[in-house]
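Each remark here refers to the structure printed beneath this line.
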Amino acid sequence: SCSFVKHVKLDVHKCFEGGGQLHFSKKTPGLSRYKLPASLPKKEYELRLKICTVHEAHEEDKLYITVNGEDVGEVPSRYTGGEWGLTTPVKIALGGDDVLEVARRDTGSMLWGLTLREIVLKEA
């Protein structure tokens, strides 16, 4: 479990399943930053995001991943039909005490509402 550090232009809500979730509002870029636990081994991981979307146009959206301020990957969003779903995996290298950021940037295209529930890491 990582430590939540900061969020910018995101709504934080309790989740019916327990815990919390972050909502990126329509037309609004935003970011969420986390500090990873010191015990996390430094290696390559597959990162997936558990998200919920309700508009088919989400196929064009991307979430951007940075580690310690450096861009390391783009996670394509997807239409989940209002249910929780996982994105396709993106390989990134990270480890203990790194700062992981998930951001949605203003790319000039329409940004639809998107909710982030979990960040899932699996050894690559």
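Owing to the predicted nature of the structure, the values given are computational and were not obtained by experimental measurement. Starting from 1, each residue takes its place in the sequence as its number.
- When all heavy atoms of Leu36 and Gly95 are compared, the closest pair comes out as CD1-O, 3.7 Å.
- Evaluation of the side-chain contact (heavy atoms from CB on, under 4.5 Å) rule for Thr80 yields Ile51, Cys52, Thr53, Arg78 as partners, not counting sequence neighbours.
- Leu100 CG to Tyr34 OH: the interatomic distance, rounded to the nearest 0.5 Å, is 8.0 Å.
- The line from OG1 of Thr87 to NZ of Lys62 is 13.0 Å long, rounded to the nearest 0.5 Å.
- Counting non-hydrogen atoms of other residues, nucleotides and ligands closer than 6.0 Å to NZ of Lys42 gives a total above 12.
- Panel note: side chain Asn68, backbone Val99; a donor-acceptor pair is recorded below 3.5 Å.
- Counting heavy atoms from C-beta on, the side chains of Leu47 and Leu49 come closer than 4.5 Å.
- The shortest non-hydrogen separation linking Leu114 to His23 is O-ND1, 3.4 Å.
- Considering all non-hydrogen atoms of both residues, Arg48 and Leu86 come closest at NH1-CD1, 3.9 Å.
- From Ser32, atom OG reaches atom CG of Leu116 across 6.5 Å, with rounding to the nearest 0.5 Å.
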_Leu94 vs Leu121, test: side-chain contact (heavy atoms from CB on, under 4.5 Å). Steps then yes/no._
CA-CA 10 Å; Leu94 49 78; Leu121 296 175; 4.0 Å; yes
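- Residues near Tyr64 contribute nothing to a hydrophobic cluster around it, because no ILVMFWY side-chain heavy atom sits closer than 4.5 Å to its side chain.
- Residue Glu56 holds its CD atom at 11.0 Å from CH2 of Trp112, rounded to the nearest 0.5 Å.
- Residue Asp97 comes nearest to Lys35 through the heavy atom pair O-NZ, 3.4 Å, listed as atom of the first residue, atom of the second, then distance.
- With sequence neighbours excluded, the residues satisfying side-chain contact (heavy atoms from CB on, under 4.5 Å) with Val72 are Ile65, Val67, Ile92.
- Glu44 is linked by a salt bridge (Lys or Arg N to Asp or Glu O under 4.0 Å) to nothing, counting only residues two or more places apart in sequence or in another chain.
- When all heavy atoms of Val90 and Gly73 are compared, the pair lying nearest together is CG1-CA, 4.2 Å.
- Under the side-chain contact (heavy atoms from CB on, under 4.5 Å) criterion, Lys43 pairs with Pro41, Tyr45, Glu123, not counting sequence neighbours.
- Counting only residues at least two apart or on different chains, the salt bridge (Lys or Arg N to Asp or Glu O under 4.0 Å) pairs with a member in residues 112-121 are Glu17-Arg117, Lys50-Glu118.
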